[in-house]
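Here the structure comes first, spelled out in structure tokens, and everything after it is commentary.
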Amino acid sequence: MSKKLVLIDGHSILNRAYYGLPDLTNSQGLHTNAVYGFINIMFKILEEEKPDYITVAFDVHAPTFRHKMFEQYKGNRKSMDEELRQQVPLMKKMLTAMGVKIIELAGYEADDLLGTLAHRAEQEGMNVAVISGDRDLLQLATDKVLIRIPKTKRTGTEIENYYAADVKEAYGVTPKEFIDVKALQGDSSDNFSGVPGIGEKTAKTLVAEYGSIEAIHENAAVIKPPRASKNIVEYWDDAVLCKKLATILTDAPIEYDFEEARIDSIDDLYTKEAYLMCKELEFKNLLGRFDTKEESFNVSELIEVVDTIEKADKIFEEIIDKDVAFYLVKRENNNVGQFHQDNDGQLGLFDFASKTEEELYGLSLTFLKDKIYFMETGNGISSDYLKNKIKDTTARRLISRDVKSQIKILGQDGILDPAEDFDKYIAYRNKFIDVSVAAYLINPTIGEYPLDDIAKSYSDIMIPTKKEFFGKQSFEDMYNSDKDKAIEYVAYESYIPFVAKDTLLNRLDKENMLHLFVDIEMPLVFVLASMEKEGIILDADALKEYSTNLDKGIAQLQESIYQKAGEEFNINSPKQLGVILFEKLGLPNAKKTKTGYSTSADILDGLKANYPIVSEILEYRQLAKLKSTYADGLRNYIEEDNRVRTTFNQTVTATGRLSSTEPNLQNIPIRLELGKQIRKVFHAKEGFVFVDSDYSQIELRVLAHLSGDEKLIDAYKHGKDIHRSTASVVFNVPFEEVTPLQRRNAKAVNFGIVYGVSAFGLSKDLGISRKDASEYIKNYFVQYPKIKEYLDNCIESAKKNKYALTMFNRKRPMVELESSNFMTRQFGERVAMNSPIQGTAADIIKIAMIRVHDRIFKEKLESRLLLQVHDELLIEAKESELDEVKKILNEEMQGAADLSVDLEIDTQVGTNWYDAH
DNA sequence: AATGTCACG
DNA sequence: ACGTACGTGACATTG
């Protein structure tokens, strides 16, 4: 049987895939849609053709032979989108990883290479399939050479197939004649115009009759229409040139051996390298095809399970002054006195008192490159023993992936209590390195830093993801059924941080971010751990009462809404609500979202004056939100001691802010009175009060400092009302004569400046025309020229460096500025302006938190920092310490950074959060 | 799992 | 002509 060769037109297929698929990116922001689409098309073809050889041809980005010869025809070929351009090298890398032969040749287009190889293969008796999105290739079709044109449709990829006969049938001319048709009609995408007056139809008819442009030329006198007859003579030279341009070469000087392109089976393409790349690019549903091809790093040979106290003691003697990575493995359901199955499947009565009461499964420890210890609890090794070994460590540095969780396991007793020996506490705190916090600083736009990502990015080891490793099993499940396997994973938990830490630290050093990491983020880990452990009291009964009251209001509103709507429906469903409002009741100004009508508050606000039902819906929404998220939502988080404990996430936001989850205590209502009432249930413990300090306009002050704008700095120096001051200059009225409306508008302008100015955003916010909004902005910049200059520079420098930078060298990588999409680019510009401001404010309050926390412990106070809300700190202060706490807040918050304007704070005291804010 | 909405800074 | 203010997280609905 004759052999088969598949030839792929690289750029053409990549192009098809790029425009045929939505914009996919991996979590690093790499665009991947073209590569993904290409691979899918390629495998579909391979599965159909089952070829013996495969080769992909690419253009070289240099003047090509044909276009160089006829430079006048070249010119404005559309330049490639940046998002596509980036994927060309990725694609080549992927093909190389799969062992697919790539050819490219300077001076020749991919067409010429495909034509040449197709020709050679045919002469050697092979069958050939050429895959391209470009119909020009149809000229290569013979009865052995099949041209296949994939089309990406919603239903999947469909492929048009053309042998020579099919070309004749579809186009009425032979493949050879196809060239002549093109020469006559021209090709706008290739930028040659053909013969004037001859379009597709005339060209086809003439070529079908005479066979070639030469024959047409010879018979010029008799051909119709007359215009064609005349022009074929007049533009004969052009026609000849065009034919040359349109002709794909079949004799390019390629050095090529078919054996280099050989594949014995499609499985050959599923290589380890390709697997790793697919993983990197996050082609998750492609990974399944690779079966178990991944050769993960084999950790089991390095593990030593330590099960006696003697062995453990000996190991702990070895770690003096060493870098030690650790991971305390906590038992999830630490049900004291419950029977459990041990690993030989028997109910262990003996375990009743020992193992089941252990808080920990054990400790994973790495301090050598080729050894991982797992110290298992039981047999004399107690949880407390292991915890104390970490607390009283002799190691030089302690490395972990999630230091906050780990030190929370250690508890606040012993050395971890800063009150006991403050200096010792600081020395201890300084030993820690959190590799995920480090990875966050290097790229804060990912939001997640799992072990496998850290391994992939900062070591030469690949490990499975947690999900790949455990599947649906929990750690407990696996520990009970296959203990050795479960231990493997916790071995990674110390091994990966150990092998990644130097890479991470070197990188931070190179980026001048060590100060940020060592002096801000790492100490902050401990401050946050303390805040999380502390928690905040919520009055469950009061919350319950609040919820019941809401119920009444909700029921009334619901009934009234149903009545006005003339039917019952789910008010919480935007879809149903939209239909009721804009179809049944026929309300005006309907605006579509991608799924239906928009029913958001800013749309409904405009309608509420004329339609009572709309006000009721808005009020219903307000109550429903308060009930579900706050009244009932928070109640679920109240623990035994009446306290709620949030988690502060340090590695989530792109700007450097913290975030708060489960529950989120950074978005407790305050703007509306009804919602603000919820704050009354947050109260201080007996003998204590809340002291709440928030920075006054920290972002605008940061802007004043970073821009160096004298007028703004001056306004702050003289303690002026900044919005009034802005109103005065923007609306050109004396300071004293600024109206409340003008002040309100100026305030919105100030917000806009911080968010990254856009006339549209401001106009929407203020409900004014875009023209007026841009007038405001223009006035603003005339009055504050340095701010304009500064913001422009933010964009320029972000473009140049590919990141935005804060005062303390926090970086936010910026990929948006290079986008070919106008909107994305605009977004990038706003981000480039906002990130340094928001990020610097975040840096400052982080510094303040550490200083406030440390002062409290240094002075052995019983007051505690409980919450941070971006520009606000909440302290539960002992009444007798009140004055001292206020003093600390004043000094440390104001002293956190040295700006050209003062950092002012507003402080309030109260027994609950309502009164204290 | 995605979408819409809304709470905060 | 396009269609956006910056940064988050929780809840309810719906595919």
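Proteins get letters first, then strands, A, B, ... in listed order; numbering begins at 1 in each.
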Output all residues satisfying side chain to side chain donor-acceptor pair (under 3.5 Å) with [X], sequence neighbours left out; order by chain, then residue number.
X	answer
A/Thr655	A/Gln838
A/Asp692	A/Trp913, A/His917
A/Arg643	A/Glu876

*With Watson-Crick and G-U wobble geometry limited to distances under 3.5 Å, how should the secondary structure of DNA chain C be encoded in dot-bracket form, using | for bases paired to another strand and [ ] for crossing pairs?*
.....|||||||||.

*For residues 612-625 of chain A, which residues have at least one heavy atom under 4.0 Å from DNA chain C?*
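Those residues are A/Lys625.
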
*In residues 655-672 of chain A, which ones come under 4.0 Å of DNA chain C, going by heavy atoms?*
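DNA chain C contact set from residues 655-672 of chain A: A/Thr655, A/Arg657, A/Ser659, A/Ser660, A/Thr661, A/Glu662, A/Asn664.
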
Return the polar atom pairs (N/O with N/O) between nucleotides 2-4 of chain C and the protein under 3.5 Å, or none.
unit_1	atom_1	unit_2	atom_2	d
C/dT4	O2	A/Arg830	NH1	2.5

_Heavy-atom contact window of chain A on DNA chain B, given 5' to 3' at under 4.0 Å_ =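 Listed 5' to 3', the contact boundaries are B/dT3 to B/dG9.
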
_Test salt bridge (Lys or Arg N to Asp or Glu O under 4.0 Å) applied to A/Lys608 - qualifying residues, sequence neighbours left out_ =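 A/Lys608: salt bridge (Lys or Arg N to Asp or Glu O under 4.0 Å) contacts with A/Asp605.
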
_Considering only residues two or more places apart or on different chains, which pairs with a residue in residues 813-823 of chain A satisfy salt bridge (Lys or Arg N to Asp or Glu O under 4.0 Å)?_
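Found A/Lys802-A/Glu818.
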
Side-chain polar contacts of residues 745-753 of chain A - donor-acceptor pairs under 3.5 angstrom, sequence neighbours left out - could you list them?
unit_1	atom_1	unit_2	atom_2	d
A/Asn750	OD1	A/Thr726	OG1	3.3
A/Asn750	ND2	A/His723	ND1	3.0
A/Asn750	ND2	A/Thr726	OG1	3.1

*Of all residues at least two apart in sequence or in a different chain, which pass the ring pair (Phe, Tyr, Trp, His ring centres under 6.0 Å) check with A/Tyr546?*
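With sequence neighbours excluded, A/Tyr546 shows a ring pair (Phe, Tyr, Trp, His ring centres under 6.0 Å) to no residue whatsoever.
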
